[in-house]
Amino acid sequence: MTTSSSKKLRAPINGRLVTILSIDGGGIRGIIPAKILEFLESELQKLDGDDARIADYFDVVAGTSTGGLVTAMLTAPDAENRPLFAAKDIAPFYVQNGLKIFPKSGLLGSVGALVGPKYDGEYLRKLLRDALGQTRLHHTLTKVVIPTFDIKNMQPTIFSSYEVKNVGYKNALLSDICIATSAAPTYFPPHHFTDTDDSGHSWDFNLIDGGVAANNPTLVAVREVTKEVVRGSEDFFPIQPLDCTKLLVISLGTGNAKREEKYTAEMASKWGVVNWIIQGNSTPIIDIYNQASADMVDYFLSVLFQALRSQQNYLRIQADNLTGDNSAVDVATEDNLNDLVGIGEGLLNAPFSRINLQTGNTEPVIGGGTNQDILIKFAKMLSDEQKFRQSKSLQKN
């Protein structure tokens, strides 16, 4: 079996590709990408041994909201400096804790969103504090990028491993970052904290869910890598100039109810503020903003990768057919949790699809096989890249 020390991910300077994993926001629907990651990690283990973990293969792991929590679980170190969670443990984590994070009644039931957050967030905060302890951003086992939004300064605040050396006060506790990125408006209260760098410079953060800025954080991750290349980082020098032929990107959605077509102009024309906030188990205004953000990123990257004839390096997996409770971010009943596990597993056998640049719809790729087939190919690409870097590093030594 491969030892932990030999599993350390070498910098892209030793390789041919920059590898990026991105995970959307979506509350309890984080179970869906967790099942995809479980399969990917199992394939990596077939190639490289049982100790193989997702963090060993990606230069950057990005996540928003629930995706930020998954990012932390995959990259935060345990006492042996290995990932705190194996991918196979993430979905059970959601199933075990979901109903405590999203209790059925909330504070005042659905009406609570009119007078305060639907949930107080205390259980989630304690869960993250206990799991992540004193782990800070710079401790993660690979680079991470987690978006939030500062409501005092009215601008996105991106917590990026690449920025720690330049903006020390962003080297916050990983638990604070996760609490902030998951503080969805109307669901959880905003998160306030102050962090101080080594020189005594402090910053006051007033943060909410990163989904209002980048529910699909893939483009934010690409931006962070590009900034490092522009800066002339020694980690990236051999791959300059950066283009899509040198990126390997896996972007995972948390599912949506696009095909359900549950909102119409006729229906919404009668809505006031309350209706835009509450429609059954949904919050239409947040659903719409989050979906628009995620789709625009996928559309842009699909155009870019296809234009440069490198679409084989970009994989987006998303379920567009959720209905009812399955599409909600906070329905954590036993039945719905089991449904979400099944949806994640079923997505593996769904046809591999890409966005149609003319219609904007996601359509199966003719002869493309299933998502499972494509993930097996990507696992081999990731394994080969890691082995190439290891051999290049040994040659230097």
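Values in this document were obtained by computation on a predicted structure and should not be read as measured data.
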(message) Side chains of N349 and N371 only: does a donor on one sit below 3.5 Å from an acceptor on the other?
(response) no
(message) Testing the 3.5 Å rule here: is there a donor-acceptor pair between the side chains of Y94 and T66?
(response) yes
(request) Decide if the gap between the ring center of F193 and the ring center of W203 is smaller than 6.0 angstrom. (result) no
(message) Under a 4.0 Å threshold between the charged nitrogen and the carboxylate oxygen, would R82 count as salt-bridged to D51?
(response) yes
(request) Check the angle between the aromatic planes of F205 and Y169 and answer parallel, tilted or perpendicular using the 30° and 60° thresholds. (result) tilted
(message) Ignoring hydrogens and geometry beyond distance, is a side-chain donor-acceptor pair present between S383 and D48 at under 3.5 Å?
(response) yes
(message) Are F378 and Y57, when compared by the centres of their aromatic rings, separated by less than 6.0 Å?
(response) no
(request) Kindly check if the number of other-residue, nucleotide or ligand heavy atoms within 6.0 Å of NZ (K165) is above 12? (result) yes
(request) Taking only Lys NZ, Arg NE, NH1 and NH2, and the carboxylate oxygens of Asp or Glu, determine whether E385 and R389 approach each other closer than 4.0 Å. (result) yes
(request) Take the angle between the ring planes of Y187 and Y119 and call it parallel below 30°, perpendicular above 60°, tilted in between. (result) parallel
(request) Ignoring hydrogens and angles, state whether a donor on the side chain of S353 or E363 is under 3.5 Å from an acceptor on the partner side chain. (result) no
(message) Under 3.5 Å, is there a donor on one side chain and an acceptor on the other for T140 and T75?
(response) no
(request) Could you tell me whether a side-chain N or O of N338 sits under 3.5 Å from a main-chain N or O of E334, the two making a donor and an acceptor? (result) yes
(request) Examine the side chains of D197 and S199 and answer whether a donor and an acceptor come within less than 3.5 Å of each other. (result) yes
(request) Check whether any side-chain N or O of T64 sits under 3.5 Å from a backbone N or O of G211 as a donor-acceptor pair, and report yes or no. (result) no
